[in-house]
Amino acid sequence: MLETIELETGPNPSAAVIWMHGLGADGNDFVPIVNELDLSGAPAIRFVFPHAPKIPVTINNGYVMRAWYDVSFGDLEGNTKRADEMGVRQSQAQIGELIAREHARNIPFKNIVLAGFSQGGAISLQTGLRYPETLAGVMALSSYLPCADSFAAEAAPANSQTPVLIAHGTQDPVIPYAMGKASYDRLLAAGYKVEWREYPMPHSVCLEEVRDIGAWLTAVLKNC
C-alpha cells in the first residue's frame, strides 16, 4: 500500500478525492490547494495524497525520484505508444488499492474522485476509466491519456458516463497542449461526459484553474 497524506474538510467524510502528484514531487505537493478550493457546497471530503514509488527516470539520466512510471526521450512528443506501460499499469493497481481502502472505510465507490497533475493525471485517467465500479469523477491536470491504443478495449462500462475534467496550459513546455487536447477529443468522441479547460499558463496550476476545480468537485460530489 502506498504511503499517503490525508486531509479531511470536515468530520465523518462521505466522499474522497485521491490526488496524484507529478514527476519528482510527492504527496505534499497539492496539500495546500485544498484550502484554496471553494467547497462550500460539497459534503465533508477526505483528500488522500499518495507518494509515488521512487524509481530511476530515463529522461532525467536515470536519477531516482518519485514517479508513477518511467519517461523516456520522445514519450512526451505525441508518441504515447512508447510510454512505460508496465509502470503505468503497476501504478494503476496501486491506486486501485487506495480506492478499495476508501471503500472499506465506508466511502461508496460512487463518492470517490481520482485526480492528478501531469504523470498523476495520466494515472488518474488510466485507473478511473478502467475501474470496474462507478466513480464520482476523474480529473487530469496538464496531462494526457496513457496506453491510448488499448483504451477502447479496456475501458470499463461502469465509468462510461463518469464526469471527466481535463485541463491544460496553452504554453505547457513539458506535456504539450496538443497531447492534452487529443486526449479530450478521444474521450469526447467515445461519448464520455468530459469537460475541457485551458489556461494561458505553462506546466503549472493557476488561480482560475483552482476556482474551476473547486466548482467541478462541488458539482460531482454535492449529492454524496
Same apolar cluster: Leu23 and Ile123, side chain cutoff 4.5 Å:
yes

Rounded distance [0.5 Å steps], CG in Leu221 versus CD1 in Ile45
5.0 Å

How about Leu135 and Val113: do any of their side-chain heavy atoms sit closer than 4.5 Å?
no

Got Ile18 and Thr4 here, is their nearest side-chain heavy-atom distance under 4.5 Å?
no

Student check: side-chain heavy atoms of Arg130 and Cys147 closer than 4.5 Å:
yes

For Val210, enumerate each residue passing the side-chain contact (heavy atoms from CB on, under 4.5 Å) test, keeping only those at least two apart in sequence or located in another chain.
Ile33, Glu36, Leu37, Val205

Any carboxylate oxygen within less than 4.0 angstrom of a Lys/Arg side-chain nitrogen, looking at Glu208 and Arg211?
no

Interatomic distance, CD@Gln119 vs CG@Asp84, rounded to 0.5 Å, equals 9.0 Å

Name all pairs fulfilling the side chain to side chain donor-acceptor pair (under 3.5 Å) condition that reach into residues 7-21, sequence neighbours left out, sorted by first residue then second.
Glu8-Arg46

Just to verify, what does Arg66 make a salt bridge (charged side-chain N to carboxylate O under 4.0 Å, His left out) with, not counting sequence neighbours?
none

Rounded to the nearest 0.5 angstrom, the CG-CG distance for Leu114 and Leu129 is 9.0 Å

What are the two closest heavy atoms between Val31 and Leu7, and how far apart are they?
O-CD2, 4.2 Å

Do you reckon Ile107 sits in the same ILVMFWY cluster as Met1, going by side-chain contacts under 4.5 Å, direct or chained?
yes

Nearest heavy-atom pair of Pro146 and Val88: which atoms, and what distance?
CG-CG1, 4.2 Å

Checking the side chain of Ser143 only, and the main-chain atoms of Ala122 only, is there a donor and an acceptor separated by less than 3.5 Å?
yes

If we only count heavy atoms from C-beta on, is the Pro200 to Thr170 side-chain gap below 4.5 Å?
yes

Looking only at heavy atoms, which two atoms of Ile166 and Gly180 are closest? And how far apart?
CG2-O, 4.1 Å

Would a 4.5 Å heavy-atom cut-off, applied to side chains only, mark Ile112 and Tyr131 as touching?
no

Non-hydrogen side-chain atoms of Pro43 and Asn223 separated by less than 4.5 Å
no

Polar side-chain atom of Thr218 near backbone of Gly214 as donor-acceptor pair, under 3.5 Å
yes

Of all heavy-atom pairs linking Ile55 and Asp70, the shortest is CD1-N, 3.8 Å

Look at the aromatic rings of Tyr144 and Tyr69 and report parallel, tilted or perpendicular, splitting at 30° and 60°.
perpendicular

Any donor-acceptor pair under 3.5 Å linking the side chain of Ser183 with the backbone of Leu145?
yes

For residues Pro163 and Val220, report the shortest heavy-atom separation together with the two atoms involved.
CB-CG1, 3.8 Å

Measure from the side-chain N and O atoms of Asp172 to the backbone N and O of Val174, and report whether any donor-acceptor pair falls under 3.5 Å.
yes

Please check if Ile95 and Val48 belong to a single hydrophobic cluster, counting links between Ile, Leu, Val, Met, Phe, Trp and Tyr side chain heavy atoms closer than 4.5 Å.
yes

Do the side chains of Ser142 and Ile175 get nearer than 4.5 Å, heavy atoms only?
no

Determine yes or no for a side-chain-to-main-chain donor-acceptor pair under 3.5 angstrom, with His51 supplying the side chain and Gly27 the backbone.
yes

Pick out which of Val34, Leu2, Asp29, Asn28 makes a side chain to side chain contact (heavy atoms under 4.5 Å, CB included) with Phe49.
Val34

Any heavy-atom pair between the side chains of Phe117 and His203 that's under 4.5 Å?
yes

Give a yes or no on whether the backbone of Glu133 and the side-chain of Asn159 come within a donor-acceptor separation of less than 3.5 Å.
yes

Hydrophobic clustering (ILVMFWY, side-chain heavy atoms < 4.5 Å, transitive) - are Trp216 and Tyr184 grouped together?
no

Which pair of non-hydrogen atoms, one from Ala158 and one from Pro132, has the smallest distance, and what is that distance?
CB-O, 3.2 Å

Under 3.5 Å, is there a donor-acceptor pair between the side chain of Ser91 and the main chain of Trp68?
yes

Look up atom CG in Asp212 and atom CD in Glu195, then write down how far apart they are to the nearest 0.5 Å.
9.0 Å

Is there a path from Val17 to Leu141 through hydrophobic residues (I, L, V, M, F, W, Y) whose side chains come within less than 4.5 Å of each other?
yes

Ala140 backbone acceptor or donor facing Ser124 side chain under 3.5 Å:
no

Arg186/Tyr192 under side-chain contact (heavy atoms from CB on, under 4.5 Å): CA gap, chis, key distance, verdict:
CA-CA 9 Å; Arg186 178 185 287 265; Tyr192 282 83; over 6 Å; no

Once you round to the nearest 0.5 Å, how far does CD of Gln126 lie from CZ of Phe151?
9.0 Å

Once rounded to the nearest 0.5 Å, what's the spacing between atom CG of Asp38 and atom CD1 of Ile213?
13.0 Å

